[in-house]
Amino acid sequence: MDIWQGLEQVSVATRSVVTIGVFDGVHRGHQSLITEATARARELNLPSVLMTFDPHPAAVIRPDKMPPMLGTMEERAAMVSDLGIDAMLALPFTRDLAQLTPEEFFTSVLVDTLKAAVVIVGANFTFGQRAAGNTDTLQELGAKYGVDVVVMPLLTDSGVRCSSSTVRRFLSEGNVAAAAKVLGRPYSVTETVVRGAGRGGKELGFPTANMYFPQKRALPTDGVYAGWFVIGSTAPIQGDMERGVRYPAAISVGTNPTFGDTRRSVETYILDQHADLYGHDCTVLFVERVRGMKKFESVDELLAAMHNDVARTREILK
């Protein structure tokens, strides 16, 4: 898949089929747009292009309303590539771009640059200065400039809208199983394993792979979760673990209140495996919440809870 970081990098030899959105998390609603785009592209023998924005428009227009992100741009690109998109345009979202009228945006980006034959969006799509353009505007402009506009209904499942905000709400509630239903896969985070306080293995007998994330990255609410752990980096691994294998894991998200730690982290205890993971890029997948975060009165009480967490994790994942 080609990845274009701005309009000047776009290379479209023919007309194209374009789908537009932020696509944060690439949930099932996004996947329905991508499926439609790739199907139309095959029918017309044209390339499919996914246009997203970097950064999120809210970071420029209303930074105080900027939501935590469900994934990085690199993760987004990998997922849309797997879904069959031919090219992704990560359009830099700037104040100048935000000032374009709906027609200026349509003509300069979709007609002149991407040579769109078909544009596919969700029913809540807005564009142009102050979000003045909606799907009706888009269809009017499509008729004017000879572009077929397809408006897809918003996807719902049992009355729950499949949206990025719904995923964030479920994560904030610790309901990672419900978030997975919206996403079509377990929610996951990827980062480099670094050294933590060092007490997990030495003092407690539960060595953990520690990861830290920027504040802008969405994490499940503090607590203990059952899930999976996957090593992604290609560097040699010292121990009995292999790259690309899913290992069962008990995952703690939070600040370790028993020891007075204040830095929020994701700490993963991989069941029945032992390896030196420092410096490796790894992925944690959240399956189900085991319990909320708690401050224990003693180390013995904490250890008893941790043994119970592991037993519960085995039960969930078996």
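A tilted orientation is assigned to the rings of Phe105 and Phe53, their planes being inclined by 30° to 60°.
By the 4.5 Å heavy-atom criterion applied to side chains, Phe127 and Val121 are not counted as neighbours. Looking at Val60 and Pro55, their side chains come closer than 4.5 Å, going by heavy atoms from C-beta outward.
The minimum heavy-atom distance linking Pro102 with Thr137 is given by the pair CB-CG2, 4.1 Å. Heavy atoms only, all atoms of each residue included: Asn210 and Glu267 are closest at OD1-CG, 3.2 Å. Here the closest non-hydrogen pair linking Pro47 and Ala41 is C-CB, 4.2 Å. Nearest heavy atoms, Ala218 versus Tyr187: O-OH, 2.7 Å.
A salt bridge links Arg40 to Glu36: at least one charged side-chain nitrogen sits closer than 4.0 Å to a carboxylate oxygen. Taking 4.0 Å as the cut-off between side-chain N and carboxylate O, Asp281 and Arg243 do not count as a salt-bridged pair. One finds a salt bridge joining Arg168 and Asp24 here, because a Lys/Arg side-chain nitrogen approaches an Asp/Glu carboxylate oxygen to under 4.0 Å. Under a 4.0 Å N-O distance rule, the pair Glu173/Arg289 does not qualify as a salt bridge. Contact check on Arg217 versus Glu75 returns a salt bridge, with a Lys/Arg side-chain nitrogen under 4.0 Å from an Asp/Glu carboxylate oxygen.
Under the 3.5 Å distance criterion, the side-chain polar atoms of Ser48 are matched with a main-chain donor or acceptor of Asp86. Between the side chain of Tyr278 and the main chain of Thr192, no donor-acceptor pair closer than 3.5 Å is present. Of the possible donor and acceptor atoms, none in the side chain of Arg312 sits under 3.5 Å from a partner among the backbone N and O of Val290.
Annotation: Arg291, atom CZ; neighbour count of heavy atoms from other residues, nucleotides and ligands within 6.0 Å is above 12. Heavy atoms from other residues, nucleotides or ligands lying under 6.0 Å from CD of Gln238 number 12 at most. In Lys181, the NZ atom is not crowded: 12 or fewer heavy atoms of neighbouring residues, nucleotides or ligands sit closer than 6.0 Å. Residue Arg130 places its CZ atom among 12 or fewer non-hydrogen atoms of other residues, nucleotides or ligands, all under 6.0 Å distant.
Remark: Asn45 CG to Arg15 CZ distance equals 14.0 Å, nearest 0.5 Å. A distance of 10.5 Å separates CH2 in Trp228 from CD1 in Ile251, rounded to the nearest 0.5 Å.
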message: side-chain contact (heavy atoms from CB on, under 4.5 Å), that's the test. Do Phe286 and Val253 meet it? Break it down for me.
response: CA-CA 11 Å; Phe286 297 91; Val253 179; 3.7 Å; yes
task: Test Lys144 against Gln139 for side-chain contact (heavy atoms from CB on, under 4.5 Å), laying out the working first.
output: CA-CA 9 Å; Lys144 180 177 179 179; Gln139 288 175 321; over 6 Å; no
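Relative to the ring axis of Phe229, Arg246 does not place its NZ or CZ within 45° and under 6.0 Å from the centre.
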